[in-house]
Amino acid sequence: MSTYENILLERHGRVGVITLNRPEALNALNDALMHDVVAAATSLDRDTRIGAIIITGSERAFAAGADIKEMAPQTYMDMYAADWFAGWADLAAVRTPVIAAVAGHALGGGCELAMLCDFILAADTAKFGQPEIKLGVIPGIGGSQRLTRAIGKAKAMEMILTGRTMGAEEAERCGLVARIVPAADLLADALATATAIASRSLPIALLAKEAVNAAFETTLAEGIRFERRLFHSTFATEDQKEGMAAFVEKRTPAFTNR
Ligand code: CO8
């Protein structure tokens with residue numbers, strides 16, 4: 001089914017799974033791979049049969065960063081004129097819930113890609129880091145901002161200034177990842193989690209995601225007002241009627257995404 005060169009795209013029921021597939025480069029994120037991921041994610045986002053998306057890599061690497069060999073010869077003007085990696089913003093704009101299922105290395109742009117997703121499920125083998133400083137550059141796909149929001153200034157500053165990696169346990173302890181899973185169970189767990197999300201009302205999931213994301217963009221008072229408006233709007237849906245009726249009648253709700 002997949003027509004992409006750098007990823008595999010599969011559908012499991014109402015879940016779309018994007019697997020980064022450049023094993024020879026530990027899934028390093030070159031321009032072509034970025035376009036494949038963004039095109040696949042936006043096409044899944046437009047498909048109303050899809051209720052959740054998983055982005056994953058291999059056992060060895062989620063992604064070992066932006067492609068250093070592709071970047072090495074670029075000049076400032078190449079980077080600036082092409083607005084290098086600005087395309088990843090289209091992934092952040094996807095409305096469908098997106099889970100990163102991370103095993104092995106998630107370094108540099110790989111860590112940033114995982115953080116672009118709505119939450120991270122980590123295999124016990126996962127290693128996160130922003131080692132750009134060792135290459136004479138800094139994070140460029142949001143790492144300095146998203147890592148700082150996720151784990152706080154002290155740890156983000158230490159990670160970015162030293163370039164050290166952190167294992168799954170530390171990542172969970174400091175709030176970078178939602179949960180740790182044994183490596184052998186990672187994809188099955190991610191699929192079960194995504195299937196549970198996709199079994200609920202899609203429009204309500206979109207509102208929930210929008211409400212949480214507002215916490216990163218606005219003041220507390222504005223965020224709470226925004227949440228309340230979205231909450232009120234859920235009462236305009238048939239799924240609110242169905243969800244509450246099913247509770248009262250002690251049955252499983254049959255959501256229709258209306
Ligand atoms: N880019 C290109 N190729 C890579 C990358 C990468 N990021 N990472 C690994 N590879 C390649 C290796 O070159 C090697 O290829 P070959 O066999 O042809 O030599 C192959 O993948 C396997 O890698 P290793 O032999 O190094 O495997 P190891 O198991 O020994 O080591 C590591 C694994 C520790 C992950 C190691 O490969 C490594 O340190 N990789 C680089 C990690 C890194 O520095 N990542 C940050 C990159 S910079 C970045 O992401 C900036 C993002 C912001 C850009 C914004 C622009 C606007």
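For ligands, and for the atoms within them, numbers begin at 1 and follow the listed sequence.
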> What atoms of ligand 1 come closer than 4.0 angstrom to any heavy atom of Gly108?
Replying inline: 46 (C), 50 (O)
> For the atom pair CD1 (Ile151) and CZ (Phe128), what is the distance rounded to the nearest 0.5 Å?
Replying inline: 11.0 Å
>> By the definition side chain to side chain contact (heavy atoms under 4.5 Å, CB included), identify the one residue from Glu132, Met115, Gln145, Met159 that meets it with Pro139.
In response: Glu132
> Are Thr42 and Asp45 linked by a side-chain donor-acceptor pair shorter than 3.5 Å?
Replying inline: no
> Is it the side chain (CB and beyond), the backbone, both or neither of Leu135 that lies under 4.0 Å from ligand 1, heavy atoms counted?
Replying inline: side chain
> Counting from 1, what ligand 1 atoms have a heavy atom of His105 closer than 4.0 Å?
Replying inline: 33 (C), 34 (C), 35 (C)
> Just wondering, do Ile53 and Val94 contact through their side chains at under 4.5 Å, heavy atoms?
Replying inline: yes
>> At less than 4.0 angstrom from any non-hydrogen atom of Glu132, what atoms of ligand 1 do you find?
In response: 48 (S), 49 (C), 50 (O), 51 (C), 52 (C)
> Which atom names give the shortest non-hydrogen contact between Ala28 and Asp67, and what distance separates them?
Replying inline: CB-CA, 3.9 Å
> Heavy-atom contacts under 4.0 Å between Trp84 and ligand 1: side chain, backbone, both, or neither?
Replying inline: both
> Is it the side chain (CB and beyond), the backbone, both or neither of Glu112 that lies under 4.0 Å from ligand 1, heavy atoms counted?
Replying inline: side chain
>> Please find the pair of heavy atoms, one from Ala101 and one from Ile54, that lie closest to each other, and give the distance.
In response: CB-CG2, 4.1 Å
> Among protein heavy atoms, which lies nearest atom 38 (C) of ligand 1, and at what distance?
Replying inline: Leu107 CD1, 4.8 Å
> Would a search of protein heavy atoms around atom 31 (O) of ligand 1 find one under 4.0 Å away?
Replying inline: no
> Relative to the heavy atoms of Ile68, which atoms of ligand 1 are at a distance of less than 4.0 Å?
Replying inline: 1 (N), 2 (C), 6 (C), 7 (N), 41 (C), 44 (O), 47 (C)
> Under the side-chain contact (heavy atoms from CB on, under 4.5 Å) criterion, do Thr193 and Ile99 qualify, and how do the steps go?
Replying inline: CA-CA 9 Å; Thr193 305; Ile99 301 172; 4.0 Å; yes
> Please state which protein non-hydrogen atom is closest to atom 53 (C) of ligand 1 and give its distance, to 0.1 Å?
Replying inline: Gly140 N, 3.3 Å
> So which bit of Ala64 gets within less than 4.0 Å of ligand 1, heavy atoms only: side chain, backbone, both or neither?
Replying inline: both
>> Applying a heavy-atom cut-off of 4.0 Å, say which part of Arg60 lies close to ligand 1: side chain, backbone, both or neither.
In response: side chain
>> Quiz question for you: does at least one protein heavy atom lie closer than 4.0 Å to atom 13 (O) of ligand 1?
In response: yes
> ligand 1 versus Ala66, non-hydrogen atoms closer than 4.0 Å: side chain, backbone, both, neither?
Replying inline: both
>> I'd like to check which ligand 1 atoms, numbered from 1 as shown, lie under 4.0 Å from a non-hydrogen atom of Gly109.
In response: 49 (C), 50 (O), 52 (C)
>> If I apply the N/O under 3.5 Å rule, does Lys69 come out as touching ligand 1?
In response: yes
>> Using 30° and 60° as the class boundaries, would you call the ring planes of Phe231 and Phe235 parallel, tilted or perpendicular?
In response: perpendicular
> Can you check whether a protein heavy atom sits less than 4.0 angstrom from atom 17 (O) of ligand 1?
Replying inline: no
> So which heavy atom in the protein is nearest atom 23 (O) of ligand 1, and how far is it from that ligand atom?
Replying inline: Leu26 CD1, 3.6 Å
>> Applying side-chain contact (heavy atoms from CB on, under 4.5 Å) to Asn257 and Asp239, what does each step give before you reach the verdict?
In response: CA-CA 6 Å; Asn257 295 339; Asp239 283 342; 4.0 Å; yes
> Can you tell me which residue and heavy atom of the protein come closest to atom 56 (C) of ligand 1, and the distance to 0.1 Å?
Replying inline: Phe85 CD1, 3.5 Å
> Which atoms of ligand 1 have any heavy atom of Pro131 under 4.0 Å away?
Replying inline: 43 (C), 44 (O), 45 (N), 46 (C)
> What are the two closest non-hydrogen atoms of Ala183 and Thr125, and how far apart are they?
Replying inline: CB-CG2, 3.9 Å
> About how many Å separate OG1 of Thr256 and CD of Glu242, when rounded to the nearest 0.5 Å?
Replying inline: 7.5 Å
> Which distance, rounded to the nearest 0.5 Å, do you find between the CD of Glu158 and the CZ of Arg164?
Replying inline: 4.0 Å
> Is there a heavy atom in Glu24 that sits closer than 4.0 Å to ligand 1?
Replying inline: yes
>> Let me confirm one number: the OG1-CG distance from Thr96 to Leu202, rounded to the nearest 0.5 Å.
In response: 6.0 Å
>> If you take the nearest heavy atom of each of Ala28, Ala72, Ala25, which one is closest to atom 9 (C) of ligand 1?
In response: Ala25
> Any ion pair linking Glu170 and Lys155 (charged N to carboxylate O, less than 4.0 Å)?
Replying inline: yes
> atom 36 (C) of ligand 1: protein heavy atom closer than 4.0 Å?
Replying inline: no
